[in-house]
Amino acid sequence: MAESTSPIIDLHNVSVTFQSNGKSLHAVDQVNLQIQPGDIYGIIGYSGAGKSTLVRTINLLQQPTSGTVTVSGKDLQKLSNPQLRTARKKIGMIFQHFNLLNSRTVLNNVEYPLLSQSISKAKRQAKAKKLLELVGLGEFEKSYPEQLSGGQKQRVAIARALANDPDILVSDEATSALDPKTTNDILKLLKQLNETLGLTIVLITHEMQVIKSVCHHVAVMDQGKIIERGEVAEVFSDPKQPLTQNFVDSSANVTEALDQIKSDSSLQDLSANERLLFLKFRGRATKQSLISDLTELYKLKANILFGNIERIGSTSIGYLIIILSGETKQLADGINFLNQNGVRVRLIATGKKGVKQDVKTNIS
Amino acid sequence: MLKQIFPNVIHIWPQFVQSIWDTIYMTFWSSLIAGLLGLGVGIVLVITQSGGIAEDPYVYSLTDKIVNFLRSIPFIILLAVMFPITNFIVGTTVGTTASLVPLVVGIFPFYARQVQNALLEIDPQVIEAPRSMGSSIPEIIFRIYLREGLPDLIRASIVTVISLIGLTTMAGAIGSGGLGDIAISIGYARFENDVTVAAMLVILIMVFLVQIIGDWLAKKTVHL
Ligand SMILES: Nc1ncnc2c1ncn2[C@@H]1O[C@H](COP(=O)(O)OP(=O)(O)OP(=O)(O)O)[C@@H](O)[C@H]1O
Ligand SMILES: [Mg+2]
């Protein structure tokens, strides 16, 4: 599927500018985005980056201030209102808070998109039932949304989004209100739909785990711009932008561990021959026995405070936070040795000075 | 027994019963007409407001201003002001049918605001979903707003009908007929206090019934 010639979604120079209190806010800034049919394309970014605004231009729920939106070969901005509504039916959408209709049963919710089609009630209900079975909620047709768990509600929302047989499914933080296990189940369902129905999925999230587990491609968004993009394994195994790096780090819980260690006062009074270090390995370096080499070659002792390995595609990224102790000269040589072997070393604290203030500038 | 407590009511019994019917007549028809009008205007306010499904700042601000203007006129003054218009529409200014005109004008802006508030209770995100599914504006109004908002709309309607029963009695001051009329022109003017009290009791019962039926309906319509 991936080798398709023309993109199913083609955003060309799309900008969205909001005017508020006389100031203009560039929520989306000159974005170009091409998504191939059958892809699962992730868009990751922190709150306010403009992700929702960007994907809402895909079905023109948000009119771009400038730029063109082409979906399935049609320039959406040139369509009449009824034509646009027809086009929207082929772009399903699911949301963080599910947005089900509380006055209707689960079955009626899934039937809703079919109400405007001229098919018999029996056919409509049969289709809705089939969709409910597809998402694993066959026996819940008579329930009301309020009687369902978050994960079940999202399944209903997915069934509803599929009712018009869309080519594209846009998911705006669809798993952000769910626990990790339920998130996984929903993501598996999306992946299955992608594989069995050939559905193109655009998936917004602020969690890298979500991107890693289902997406083929990813775009990193910041302040209305896409700052980095490509295949998921490539982008995250060798991030070019600090923000992307940030997502990788927090996904491996490194950010959290660092914060904890930095605020631990007992680690502030290291003795003069101790160094608190943050080490990051990539690829080849993760497979070497560098820590035992330190001990053998430089007589240094390493006390490991934190360790984790993040696997992205075929690459691994290793993280270690250690207290290294030994003679001053040996310490310097040991750190040099690590550097030469492709380990990125960051000094968090030394014996005398305590936590360094400029640690941030050392990270890369 | 009744003869001792309500001697004058018994005396004018047929007229008293007629005035109950008159009040019901005025309440029913003005509820119906003002209800449709208020519902329409309320919907216009909701869909044309900024971020609404048919956003239109001009229509919104015009409608909003008209509603505010009409709501700021005290009803008793509205009754007087409406005289020529009523005469033009109905051909007379007295009687129950003539009173429908000021009643409708007096209550529909109130109801429109109630409708607006009820519909704004619906999460805008819930409206976003059908928009993304290609629903048209009428489809969203009838299948989403009016259904999801139904229990709140019914509660708003109860409040409105109860206010309206109050207004029908005020219309009695200009000879509309009904319980208000009888309470003033007989009970008050002739010092026949039992007539006033009886009229009040009947009105209390009406309010009570509207409240009970409305609450029951609102509960029934949470799920459709
Ligand atoms: N209708 C609007 N009017 C004015 N400003 C808006 C509007 N919608 C969004 N914005 C602004 O545009 C920016 C981007 O918002 P957007 O919702 O696209 O971010 P996001 O990346 O989806 O964030 P989140 O992760 O919190 O959902 C924000 O600064 C937001 O305040
Ligand atoms: Mg968002």
Side-chain angles (χ1 to χ4, degrees), chain A residues 18-20 52 55-56 58-63 76 79 81-106 108-117 142-147 156-157 160-164 166 168-173, chain B residues 39 43 46-61 115 118-157 214-224:
Chain A
F18 292 115
Q19 304 291 342
S20 60
S52 297
V55 296
R56 289 173 78 253
I58 295 175
N59 54 11
L60 288 197
L61 281 182
Q62 175 66 57
Q63 285 283 349
L76 295 194
L79 300 183
N81 259 327
Q83 286 172 324
L84 174 60
R85 279 191 271 111
T86 308
R88 278 181 182 159
K89 293 185 173 148
K90 293 292 167 194
I91 309 171
M93 201 163 183
I94 54 175
F95 309 85
Q96 180 172 4
H97 299 295
F98 327 120
N99 302 347
L100 299 174
L101 305 172
N102 292 319
S103 67
R104 294 175 197 248
T105 62
V106 163
N108 290 160
N109 263 282
V110 180
E111 263 184 82
Y112 175 86
L114 301 170
L115 290 178
S116 53
Q117 286 183 16
K142 294 215 170 60
S143 307
Y144 285 93
E146 73 209 13
Q147 297 162 330
V156 176
R160 179 175 71 168
L162 295 177
N164 278 319
I168 299 168
L169 181 70
V170 176
S171 157
D172 189 350
E173 308 256 14
Chain B
L39 190 64
I43 289 172
V46 170
I47 65 175
T48 59
Q49 75 164 29
S50 117
I53 54 172
E55 189 172 340
D56 189 328
Y58 299 104
V59 174
Y60 176 79
S61 91
V115 168
L119 298 185
L120 287 180
E121 282 296 304
I122 302 169
D123 186 348
Q125 289 267 311
V126 169
I127 309 297
E128 180 99 336
R131 280 189 73 206
S132 79
M133 292 173 228
S135 293
S136 65
I137 290 170
E139 281 169 348
I140 294 177
I141 292 173
F142 289 103
R143 292 183 185 152
I144 311 290
Y145 272 122
L146 294 187
R147 272 187 82 143
E148 289 291 298
L150 194 55
D152 279 339
L153 283 175
I154 289 172
R155 279 185 210 101
S157 306
D215 282 345
W216 176 79
L217 269 178
K219 271 204 198 92
K220 285 292 277 190
T221 51
V222 169
H223 289 156
L224 289 170

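- Interface remark: A/Asn102 contributes backbone and side-chain atoms alike to the contact with chain B (heavy atom separation under 4.5 Å).
- Minimum interatomic distance between A/Tyr112 and B/Met133 (heavy atoms only, all atoms of both residues): CD2-SD, 3.9 Å.
- To the nearest 0.5 Å, the span separating CG on A/Asn108 from CZ on B/Arg147 amounts to 6.5 Å.
- Only the side chain of A/Glu146 comes within less than 4.5 Å of a heavy atom in chain B; its backbone stays farther off.
- The nearest pair of heavy atoms linking B/Glu148 to A/Ser103 is OE2-OG, 2.7 Å.
- A/Ile91 touches chain B through its backbone: at least one of N, CA, C or O sits under 4.5 Å from a heavy atom, while the side chain does not.
- Annotation for B/Val126 and A/Leu101: closest pair CG1-CD2, 3.7 Å, computed over non-hydrogen atoms.
- Within a 6.0 Å sphere centred on CZ of B/Phe142, other residues, nucleotides and ligands contribute 12 heavy atoms or fewer.
- Taken to the nearest 0.5 Å, the CZ atom of B/Arg143 stands 4.5 Å off from the CG atom of A/Leu115.
- The shortest non-hydrogen separation linking A/Asn59 to B/Ser132 is ND2-CB, 3.8 Å.
- Here the closest heavy-atom approach between residue A/Arg85 and residue B/Gly134 is recorded as CD-O, 3.3 Å.
- In terms of non-hydrogen atom pairs under 4.5 Å with chain B, the most contact-rich of A/Gln96, A/Arg160, A/Lys90 is A/Arg160.
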